Every structure is written in structure tokens, then in C-alpha cells.
Amino acid sequence: MDTLDGYTSDLTLARELLVAQLREHALVIGEVTLTSGARAQYYVDAKRAILRPQGFAALGALVAAQVSDWEGTAVGGMTMGADPVACAALAGGARAKAFFVRKDAKTHGLQRRIEGPLLASDDRCVVVEDVVTTGGSTLAAIEALQEAGQQICGVISVLDRLAGGGEAIERAAGAPYVALTTIDDVYPQRPDRTVA
């Protein structure tokens, strides 16, 4: 597909488009406090890019392809960061069900912590997240799935800030971790970049 308006099977094009969308719509330069409590000179609000048609389509193609490569049967993670990523995977053609992990189980209704279609014991779960810094939200989702007896076959983030979260996630999941993009792709001239 030569157009960038719809879904594409060209993963190189999809990744280039995702980086461009993140750079244009998600990157915010200025001092902010991160979820971890740390201060930073920039922020990446990935939802501002991936909840637009082109960003969503690019993300869907990339996540669906990775879910397929890992033979995942369920895709999701901690609400809210995982919600658009899991939905993009389904829209991109992933043959998987989506789920969302709540911070705490509901105290009413079915009192579930993992929402969506019931996960079977043989489901291969792919945990997703929009932005990873320390990995705290992703680690909480992994823990909830492990407590529920679920198998994790991989973890995907839309963007990794390269602050050590990826390594912690891979250790906790006991499965591969893939960042579709990194802060090096989106903001290569950032003031805190360390060049190896």
C-alpha cells in the first residue's frame, strides 16, 4: 500500500510513520514530572499521536505483526496506557482477544481485575504499553497476569525512554521485550542523551 491513510503490511513504512507521528504530535519539550516521580525536560504523550488515524493505523500494523510472530492469543496491559495499543492490534488484524488490567479489582459486578474476554489457561498473552520509562505500570500488569496463572509470551511498548524499564520488564516477564520506537528515534537531539 503506497498510501499512509489506511492499514499497511509494509512494516518499515509503518514504523517510519509511527516515529513521524510521535515526533509531530506526542513530543512535548519542557519540564514535567513523570509517573515515576522523576523530573524530565521532555515528555512523550503517545496517545496524542496513536489516537489519530495515521498513528493508529501504523501502530496497528506493527503490533499485530509482533503478536502474530509470537503466536499471541491475547493482547493487553494496564489501563490506560495499554488500551489504545491493544485496540490498534485488533484493528490491525491481530488474531487475538484484547484485555485490560485494572489497578485494583472492581468491588462490584464481577469484581474482576483483568477485564475483557476471559483468558484461558493456554492463552499466550502479549503485554502492551504506550510509553516505558521505569516500567512500573507494565510490571504491575505482568504481576497481575502471573498471579492469574497466565503465560506471557512477550511485551511491546510504543516508545521506550531508554531509562532501564525495558530490562526490568524482560526479567519480570521471562519473555522478550520489544520497543517499536525509542526516544532516540523521536528526540535524538535531547539534552540528556548519552552517546556510546
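Since the structure is predicted, the reported quantities are computational estimates derived from the model, not experimental observations. Throughout, numbering of the chain's residues begins at 1 and tracks the sequence. Values below: all heavy atoms of this structure, side chains included; hydrogens, waters and symmetry mates excluded.
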Could you tell me whether the side chain of K47 and the main chain of P84 form a donor-acceptor pair under 3.5 Å?
no
Calculate, to the nearest 0.5 Å, the distance between atoms CG and CD belonging to L145 and Q151 respectively.
11.5 Å
Indicate yes or no for a side-chain donor-acceptor contact from Q150 to the backbone of A120 under 3.5 Å, with no hydrogens or angles considered.
yes
Enter the distance from T134:OG1 to L139:CG here, rounded to the nearest 0.5 Å.
7.5 Å
If you look only at pairs with a residue in residues 62-88, which of them pass as a side chain to side chain donor-acceptor pair (under 3.5 Å), with sequence neighbours excluded?
T73-D123, T79-D83
With side-chain contact (heavy atoms from CB on, under 4.5 Å) as the test, would you mind laying out the steps for V28 and Y42 before giving the verdict?
CA-CA 6 Å; V28 179; Y42 57 90; over 6 Å; no
Using modelled atom types and a 3.5 Å cut-off, is there a donor and acceptor pairing between side-chain atoms of R102 and backbone atoms of M78?
no
If you take all heavy atoms of A140 and R113, which pair is closest and at what distance?
O-NH2, 4.1 Å
As a test of understanding, state which of V75, V126, I50 forms a side-chain contact (heavy atoms from CB on, under 4.5 Å) with V85.
I50
What is the minimum heavy-atom distance between A14 and A58, and which atoms define it?
O-CB, 3.3 Å
Return the CG to CG distance between L159 and L18, rounded to the nearest 0.5 Å.
8.5 Å
A46 and D130 have their tightest heavy-atom pair at CB-CB, 4.0 Å
Filter on ring-ring contact (aromatic ring centres under 6.0 Å, His included), then keep only pairs touching residues 145-165, sequence neighbours left out; what's left?
none
State yes or no: do V101 and L90 share one hydrophobic cluster built from I, L, V, M, F, W and Y residues joined by side-chain heavy-atom distances below 4.5 Å, directly or via other members?
no
Measure across P117 and A98 and return the closest heavy-atom pair with its distance rounded to 0.1 Å.
CD-O, 3.1 Å
Give, for atom CD1 of I114 and atom SG of C125, the distance between the pair rounded to the nearest 0.5 Å.
7.5 Å
Hits for side-chain contact (heavy atoms from CB on, under 4.5 Å) against E129, two or more places apart or cross-chain, chain-then-number order -> V132, S137, T138
State plainly whether one hydrophobic cluster holds both V186 and I29, where clusters connect Ile, Leu, Val, Met, Phe, Trp and Tyr through side-chain heavy atoms under 4.5 angstrom apart.
yes
Q189: what forms a side-chain contact (heavy atoms from CB on, under 4.5 Å) with it, not counting sequence neighbours?
Y187
Tightest non-hydrogen contact, residues A91 and F56, listed as CB-CE2, 3.7 Å
Nearest 0.5 angstrom please: L13 CG to L17 CG, how far?
6.5 Å
Can you confirm whether V155 sits close enough to V128 that some side-chain heavy atom of one is under 4.5 Å from a side-chain heavy atom of the other?
no
When rounded to the nearest 0.5 angstrom, what distance separates CG in L59 from CD in Q54?
13.5 Å
List the residues meeting side-chain hydrogen bond (donor to acceptor under 3.5 Å, both in side chains) with T33, not counting sequence neighbours, and say none if there are none.
R39
Which side-chain N or O atoms in residues 166-183 pair as donor and acceptor under 3.5 Å with protein atoms at least two apart or in another chain?
residue, atom, partner, partner atom, Å
E170, OE2, Y177, N, 3.0
Y177, OH, S157, OG, 2.7
Y177, OH, D160, OD2, 2.7
T181, OG1, V158, O, 2.7
T182, OG1, D184, N, 3.2

Taking the side chain from R124 and the backbone from C153, do they hold a donor-acceptor pair closer than 3.5 Å?
no
Of all heavy-atom pairs between A94 and A64, which one has the smallest distance, and what is that distance?
N-CB, 3.6 Å
Treating Ile, Leu, Val, Met, Phe, Trp and Tyr as nodes and any side-chain heavy-atom pair under 4.5 angstrom as an edge, say whether I142 and L119 lie in one connected cluster.
yes
Between V19 and the options E16, R23, Q21, the side-chain contact (heavy atoms from CB on, under 4.5 Å) test singles out R23
